[in-house]
Amino acid sequence: MTESIRIAAWNVNSLKVRLPHVKRWLEEQEAAKKPIDALCLQELKMTDDKFPHQELEAAGYISLAAGQKTYNGVAILVRRAALAPIATDLETTFLKPLRNIPGYADEQQRILAATICFKGMQPIRLVSAYFPNGQSPDSEKFIYKLGWLTALHSWLETELKDSARFALLGDFNIAPTDADVHDPKAWEGQNLVSPPEREAFQGLLDLGLYDSFRLFEQAPKTYSWWDYRMMGFRRNAGMRIDHILLSDALKANCLSSIIDKVPRTWEQPSDHAPVIAEIKA
DNA sequence: ATGGCGCAGTCTCTGCGA
(Lines give C-alpha, C1' and ligand atoms only; values in the text may rest on other atoms or scores of the structure.)
Protein backbone atom coordinates (compact mmCIF):
# COMPACT_ATOMS: atom_id res chain seq x y z
CA MET A 1 0.00 0.00 0.00
CA THR A 2 1.45 3.32 -1.05
CA GLU A 3 1.40 5.81 1.77
CA SER A 4 3.31 8.55 0.06
CA ILE A 5 5.52 9.25 -2.94
CA ARG A 6 8.69 11.29 -3.25
CA ILE A 7 9.11 13.50 -6.26
CA ALA A 8 12.44 15.15 -6.95
CA ALA A 9 14.33 17.46 -9.29
CA TRP A 10 18.04 17.47 -10.05
CA ASN A 11 20.12 19.47 -12.49
CA VAL A 12 22.86 16.94 -13.28
CA ASN A 13 25.02 19.13 -15.55
CA SER A 14 25.58 16.36 -18.15
CA LEU A 15 23.86 13.01 -17.66
CA LYS A 16 26.75 11.31 -19.44
CA VAL A 17 29.08 12.32 -16.62
CA ARG A 18 26.51 12.07 -13.83
CA LEU A 19 24.71 8.80 -14.58
CA PRO A 20 26.70 7.00 -11.84
CA HIS A 21 25.69 9.72 -9.38
CA VAL A 22 22.03 9.42 -10.33
CA LYS A 23 22.08 5.64 -9.94
CA ARG A 24 23.94 5.84 -6.64
CA TRP A 25 21.56 8.46 -5.26
CA LEU A 26 18.47 6.48 -6.26
CA GLU A 27 19.96 3.32 -4.70
CA GLU A 28 20.90 5.04 -1.46
CA GLN A 29 17.50 6.68 -1.14
CA GLU A 30 15.84 3.31 -1.59
CA ALA A 31 18.20 1.66 0.91
CA ALA A 32 17.27 4.39 3.41
CA LYS A 33 13.57 3.54 2.86
CA LYS A 34 13.09 6.88 1.16
CA PRO A 35 12.73 5.78 -2.45
CA ILE A 36 12.44 8.47 -5.12
CA ASP A 37 9.31 7.69 -7.11
CA ALA A 38 9.70 10.39 -9.74
CA LEU A 39 12.90 12.21 -10.65
CA CYS A 40 12.94 15.17 -13.01
CA LEU A 41 16.37 15.78 -14.51
CA GLN A 42 17.74 18.93 -16.11
CA GLU A 43 20.77 19.71 -18.26
CA LEU A 44 21.13 16.31 -19.86
CA LYS A 45 23.42 17.80 -22.52
CA MET A 46 22.76 14.88 -24.86
CA THR A 47 20.63 13.93 -27.85
CA ASP A 48 17.76 11.49 -27.33
CA ASP A 49 19.59 8.61 -28.99
CA LYS A 50 22.27 8.85 -26.28
CA PHE A 51 19.83 8.80 -23.34
CA PRO A 52 20.57 5.79 -21.04
CA HIS A 53 17.04 4.32 -20.93
CA GLN A 54 18.33 0.77 -20.49
CA GLU A 55 20.68 1.53 -17.60
CA LEU A 56 17.90 3.36 -15.79
CA GLU A 57 15.48 0.53 -16.55
CA ALA A 58 17.97 -1.85 -14.93
CA ALA A 59 17.96 0.47 -11.91
CA GLY A 60 14.17 0.16 -11.75
CA TYR A 61 13.14 3.36 -13.52
CA ILE A 62 11.16 4.05 -16.70
CA SER A 63 12.32 7.21 -18.42
CA LEU A 64 11.13 9.81 -20.87
CA ALA A 65 13.57 12.36 -22.26
CA ALA A 66 13.61 15.54 -24.33
CA GLY A 67 17.20 16.24 -25.23
CA GLN A 68 19.41 18.03 -27.71
CA LYS A 69 23.08 18.28 -28.51
CA THR A 70 25.45 19.96 -25.99
CA TYR A 71 22.96 22.06 -24.03
CA ASN A 72 19.74 21.89 -22.02
CA GLY A 73 17.63 18.73 -22.12
CA VAL A 74 15.14 17.45 -19.53
CA ALA A 75 13.80 14.04 -18.49
CA ILE A 76 11.31 12.35 -16.19
CA LEU A 77 12.16 9.07 -14.43
CA VAL A 78 9.52 7.06 -12.59
CA ARG A 79 10.06 4.09 -10.30
CA ARG A 80 8.47 1.03 -11.84
CA ALA A 81 7.57 -0.56 -8.49
CA ALA A 82 5.55 2.52 -7.50
CA LEU A 83 3.38 2.62 -10.62
CA ALA A 84 -0.28 1.60 -10.80
CA PRO A 85 -1.05 -1.61 -12.74
CA ILE A 86 -2.41 0.48 -15.61
CA ALA A 87 1.18 1.49 -16.44
CA THR A 88 2.50 -1.36 -18.57
CA ASP A 89 4.56 0.39 -21.22
CA LEU A 90 5.87 3.81 -22.19
CA GLU A 91 2.52 5.03 -23.49
CA THR A 92 0.56 4.00 -20.40
CA THR A 93 3.25 5.23 -18.00
CA PHE A 94 3.72 8.74 -19.38
CA LEU A 95 0.22 9.97 -20.15
CA LYS A 96 -0.35 13.08 -22.26
CA PRO A 97 3.39 13.61 -22.78
CA LEU A 98 4.34 17.10 -23.86
CA ARG A 99 7.66 18.44 -25.10
CA ASN A 100 8.18 22.22 -25.06
CA ILE A 101 5.66 24.94 -24.32
CA PRO A 102 2.78 24.71 -26.82
CA GLY A 103 2.77 27.61 -29.27
CA TYR A 104 6.23 28.77 -28.18
CA ALA A 105 8.70 27.89 -30.91
CA ASP A 106 12.01 27.03 -29.27
CA GLU A 107 14.99 24.93 -30.30
CA GLN A 108 16.06 24.69 -26.67
CA GLN A 109 14.73 21.62 -24.88
CA ARG A 110 13.56 22.92 -21.51
CA ILE A 111 10.14 21.45 -20.82
CA LEU A 112 8.82 17.90 -20.53
CA ALA A 113 5.43 17.14 -19.02
CA ALA A 114 3.60 13.88 -18.37
CA THR A 115 0.79 12.56 -16.20
CA ILE A 116 1.75 9.61 -13.99
CA CYS A 117 -0.45 7.06 -12.25
CA PHE A 118 1.19 5.87 -9.05
CA LYS A 119 -0.17 2.98 -7.01
CA GLY A 120 -3.03 3.95 -4.72
CA MET A 121 -3.07 7.58 -5.86
CA GLN A 122 -4.98 9.84 -8.17
CA PRO A 123 -2.95 10.70 -11.31
CA ILE A 124 -0.42 13.47 -10.94
CA ARG A 125 0.82 15.85 -13.61
CA LEU A 126 4.57 16.47 -13.53
CA VAL A 127 6.59 19.07 -15.42
CA SER A 128 10.37 18.81 -15.61
CA ALA A 129 11.63 22.32 -16.33
CA TYR A 130 14.97 23.90 -17.06
CA PHE A 131 14.47 27.68 -16.98
CA PRO A 132 16.84 29.82 -19.07
CA ASN A 133 19.88 31.08 -17.20
CA GLY A 134 19.62 34.67 -18.42
CA GLN A 135 23.34 35.44 -18.20
CA SER A 136 22.92 39.06 -17.03
CA PRO A 137 20.04 41.57 -16.97
CA ASP A 138 21.53 43.59 -19.85
CA SER A 139 21.96 40.62 -22.20
CA GLU A 140 19.96 39.18 -25.09
CA LYS A 141 19.70 35.95 -23.10
CA PHE A 142 17.89 37.83 -20.34
CA ILE A 143 15.28 39.05 -22.84
CA TYR A 144 14.85 35.42 -23.91
CA LYS A 145 14.49 34.39 -20.26
CA LEU A 146 11.72 36.90 -19.59
CA GLY A 147 9.89 35.96 -22.81
CA TRP A 148 10.17 32.29 -21.91
CA LEU A 149 8.81 33.02 -18.42
CA THR A 150 5.81 34.81 -19.95
CA ALA A 151 5.13 31.85 -22.25
CA LEU A 152 5.47 29.43 -19.34
CA HIS A 153 3.04 31.45 -17.24
CA SER A 154 0.27 31.46 -19.83
CA TRP A 155 0.76 27.78 -20.65
CA LEU A 156 0.59 26.79 -16.97
CA GLU A 157 -2.67 28.67 -16.63
CA THR A 158 -4.16 26.11 -19.03
CA GLU A 159 -2.35 23.16 -17.48
CA LEU A 160 -3.67 24.00 -14.02
CA LYS A 161 -7.23 24.15 -15.31
CA ASP A 162 -6.77 20.62 -16.73
CA SER A 163 -4.83 19.14 -13.81
CA ALA A 164 -5.64 20.02 -10.22
CA ARG A 165 -2.88 17.66 -9.05
CA PHE A 166 0.08 19.44 -10.58
CA ALA A 167 3.78 19.89 -9.82
CA LEU A 168 6.43 22.00 -11.54
CA LEU A 169 9.93 20.72 -10.75
CA GLY A 170 13.34 21.82 -11.88
CA ASP A 171 16.07 24.38 -12.15
CA PHE A 172 14.27 27.73 -12.15
CA ASN A 173 17.43 29.84 -12.28
CA ILE A 174 15.66 32.23 -9.92
CA ALA A 175 16.37 32.72 -6.22
CA PRO A 176 12.91 33.82 -5.00
CA THR A 177 13.98 35.90 -1.98
CA ASP A 178 17.11 37.22 -0.31
CA ALA A 179 16.86 34.30 2.15
CA ASP A 180 17.76 32.10 -0.83
CA VAL A 181 21.02 33.92 -1.56
CA HIS A 182 24.26 33.60 0.41
CA ASP A 183 25.26 37.23 -0.15
CA PRO A 184 22.17 39.26 -1.10
CA LYS A 185 24.05 42.56 -1.07
CA ALA A 186 26.69 41.42 -3.54
CA TRP A 187 24.00 39.90 -5.78
CA GLU A 188 21.48 42.76 -5.62
CA GLY A 189 19.88 43.38 -9.02
CA GLN A 190 21.94 40.69 -10.72
CA ASN A 191 20.91 37.71 -12.78
CA LEU A 192 18.98 35.05 -10.80
CA VAL A 193 17.73 37.61 -8.24
CA SER A 194 16.67 40.68 -10.26
CA PRO A 195 13.18 42.17 -9.72
CA PRO A 196 11.71 41.10 -13.09
CA GLU A 197 12.78 37.49 -12.47
CA ARG A 198 11.37 37.49 -8.97
CA GLU A 199 8.13 39.04 -10.25
CA ALA A 200 7.87 36.22 -12.78
CA PHE A 201 8.42 33.69 -10.00
CA GLN A 202 5.70 35.38 -7.95
CA GLY A 203 3.50 35.26 -11.05
CA LEU A 204 3.77 31.47 -11.00
CA LEU A 205 2.75 31.42 -7.35
CA ASP A 206 -0.18 33.67 -8.20
CA LEU A 207 -1.47 30.94 -10.52
CA GLY A 208 -2.09 28.90 -7.37
CA LEU A 209 1.29 27.22 -6.96
CA TYR A 210 3.26 26.89 -3.72
CA ASP A 211 6.99 26.68 -3.08
CA SER A 212 7.06 23.29 -1.34
CA PHE A 213 10.35 24.07 0.44
CA ARG A 214 8.80 27.05 2.22
CA LEU A 215 5.80 25.10 3.48
CA PHE A 216 8.09 23.84 6.24
CA GLU A 217 10.56 25.25 8.69
CA GLN A 218 14.03 25.09 7.16
CA ALA A 219 17.54 25.66 8.35
CA PRO A 220 18.75 29.12 7.31
CA LYS A 221 21.24 29.28 4.45
CA THR A 222 19.95 26.17 2.74
CA TYR A 223 20.82 26.26 -0.96
CA SER A 224 20.54 24.00 -4.02
CA TRP A 225 23.40 25.30 -6.14
CA TRP A 226 27.01 26.24 -5.36
CA ASP A 227 29.56 27.56 -7.84
CA TYR A 228 32.36 25.13 -8.68
CA ARG A 229 34.77 28.03 -8.39
CA MET A 230 36.09 29.75 -5.28
CA MET A 231 35.24 26.75 -3.10
CA GLY A 232 31.59 27.73 -3.27
CA PHE A 233 30.33 24.56 -1.61
CA ARG A 234 32.86 24.52 1.21
CA ARG A 235 32.03 28.15 2.00
CA ASN A 236 28.31 27.43 1.53
CA ALA A 237 28.31 30.32 -0.93
CA GLY A 238 25.18 29.10 -2.69
CA MET A 239 21.70 29.93 -3.92
CA ARG A 240 18.35 28.20 -3.82
CA ILE A 241 17.38 28.18 -7.47
CA ASP A 242 15.97 24.64 -7.84
CA HIS A 243 12.36 24.29 -6.78
CA ILE A 244 9.29 22.11 -6.56
CA LEU A 245 6.08 24.10 -6.95
CA LEU A 246 2.85 22.35 -6.01
CA SER A 247 -0.77 23.05 -6.83
CA ASP A 248 -3.21 23.55 -3.98
CA ALA A 249 -4.36 19.92 -4.04
CA LEU A 250 -0.80 18.61 -3.73
CA LYS A 251 0.25 21.25 -1.22
CA ALA A 252 -2.51 20.01 1.06
CA ASN A 253 -0.90 16.55 0.95
CA CYS A 254 2.74 17.61 1.09
CA LEU A 255 4.48 15.95 4.05
CA SER A 256 7.99 17.35 3.66
CA SER A 257 10.34 19.14 1.30
CA ILE A 258 14.12 19.08 1.55
CA ILE A 259 17.32 19.65 -0.37
CA ASP A 260 19.76 16.73 -0.21
CA LYS A 261 23.28 18.13 -0.10
CA VAL A 262 24.93 14.71 0.08
CA PRO A 263 25.49 14.15 -3.68
CA ARG A 264 27.22 17.54 -3.82
CA THR A 265 29.91 16.11 -1.51
CA TRP A 266 30.71 13.19 -3.86
CA GLU A 267 33.58 13.04 -6.35
CA GLN A 268 33.00 14.96 -9.58
CA PRO A 269 29.58 16.26 -8.48
CA SER A 270 26.98 18.29 -10.30
CA ASP A 271 27.01 21.88 -9.07
CA HIS A 272 23.32 21.39 -8.11
CA ALA A 273 21.82 19.27 -5.33
CA PRO A 274 18.54 17.36 -5.70
CA VAL A 275 15.37 18.75 -4.15
CA ILE A 276 12.63 16.44 -2.86
CA ALA A 277 8.97 16.76 -1.93
CA GLU A 278 7.02 13.98 -0.26
CA ILE A 279 3.34 13.74 -1.13
CA LYS A 280 0.77 11.75 0.81
CA ALA A 281 -1.36 9.38 -1.23
C1' DA B 1 40.72 43.15 -10.10
C1' DT B 2 35.95 39.67 -13.93
C1' DG B 3 39.78 35.65 -12.27
C1' DG B 4 38.57 30.99 -10.18
C1' DC B 5 35.66 25.30 -12.26
C1' DG B 6 33.56 21.93 -15.26
C1' DC B 7 31.27 20.38 -19.38
C1' DA B 8 30.67 19.61 -24.72
C1' DG B 9 32.40 20.03 -29.13
C1' DT B 10 34.54 23.12 -33.01
C1' DC B 11 38.84 19.88 -29.40
C1' DT B 12 45.25 22.40 -26.67
C1' DC B 13 40.61 26.58 -27.68
C1' DT B 14 35.70 28.60 -27.33
C1' DG B 15 30.98 29.03 -25.49
C1' DC B 16 28.30 28.51 -21.75
C1' DG B 17 26.61 27.86 -17.14
C1' DA B 18 24.90 30.70 -12.62
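Per chain, numbering begins at 1; letters A, B, ... match sequence-line order.
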Going by heavy atoms in the side chains, are [X] and [Y] under 4.5 Å from each other?
X        : Y        : answer
A/Leu205 : A/Leu245 : yes
A/Glu43  : A/Val74  : no
A/Lys251 : A/Ser212 : no

Between [M] and [N], how far apart are the [atom1] atoms? Round to whole Å, please.
N      : M      : atom1 : answer
B/dA1  : B/dC13 : C1'   : 24 Å
B/dC11 : B/dC16 : C1'   : 16 Å
B/dA18 : B/dT2  : P     : 24 Å
B/dG15 : B/dT10 : C1'   : 10 Å
B/dT12 : B/dC7  : C1'   : 16 Å

Figure out the [atom1]/[atom2] separation between [X] and [N], and round it to whole Å.
X        : N      : atom1 : atom2 : result
A/Lys141 : B/dC16 : NZ    : C1'   : 7 Å
A/Tyr228 : B/dC16 : OH    : C1'   : 13 Å
A/Arg264 : B/dG6  : CZ    : C1'   : 10 Å
A/Met230 : B/dA1  : CE    : P     : 16 Å
A/Asn173 : B/dA18 : CG    : P     : 4 Å
A/Asp271 : B/dC16 : CG    : P     : 17 Å
A/Asp227 : B/dG3  : CG    : P     : 13 Å
A/Asp171 : B/dG17 : CG    : P     : 11 Å

Does a side-chain N or O of [X] approach OP1 or OP2 of [N] to a distance below 4.0 Å, or not?
X        : N      : result
A/Gln268 : B/dC7  : yes
A/His272 : B/dA18 : yes
A/Asn72  : B/dG17 : no
A/Arg18  : B/dC7  : yes
A/Tyr130 : B/dA18 : yes

**Item:** Nonpolar side-chain network containing A/Leu26, other nodes, edges under 4.5 Å
**Value:** A/Trp10, A/Val12, A/Leu15, A/Leu19, A/Val22, A/Trp25, A/Ile36, A/Leu39, A/Leu41, A/Leu44, A/Met46, A/Phe51, A/Leu56, A/Tyr61, A/Leu77, A/Ile258, A/Val262, A/Trp266, A/Ile276
**Message:** Any donor-acceptor pair, under 3.5 Å, between the side chain of A/Asn133 and the base of B/dA18, if you only look at N and O atoms?
**Reply:** yes
**Request:** Scan A/Leu209, A/Thr115, A/Leu250 and name whichever one has a side chain to side chain contact (heavy atoms under 4.5 Å, CB included) with A/Phe166.
**Result:** A/Leu209
Pull out every protein N or O sitting under 3.5 Å from an N or O of nucleotides 8-10 of chain B, one pair per line with the distance.
{"residue": "B/dA8", "atom": "OP1", "partner": "A/Ser14", "partner atom": "OG", "Å": "2.6"}

**Request:** Take A/Pro269 and A/Asn191, find for each the nucleotide of DNA chain B with the closest heavy atom, and name the residue whose nucleotide sits nearer the 5' end.
**Result:** A/Pro269
**Message:** Using the rule given for salt bridge (Lys or Arg N to Asp or Glu O under 4.0 Å), can you reason through A/Glu278 versus A/Lys34, listing the C-alpha separation, both sets of side-chain angles and the distance that settles it, and then say yes or no?
**Reply:** CA-CA 9 Å; A/Glu278 184 184 5; A/Lys34 296 172 184 173; over 6 Å; no
**Asked** When the ring centroid of A/Trp155 is compared with that of A/Tyr104, is the distance short of 6.0 Å?
**Response** no
**Option passing salt bridge (charged side-chain N to carboxylate O under 4.0 Å, His left out) with A/Glu159 (candidates A/Arg165, A/Arg125, A/Lys96)** = A/Arg125
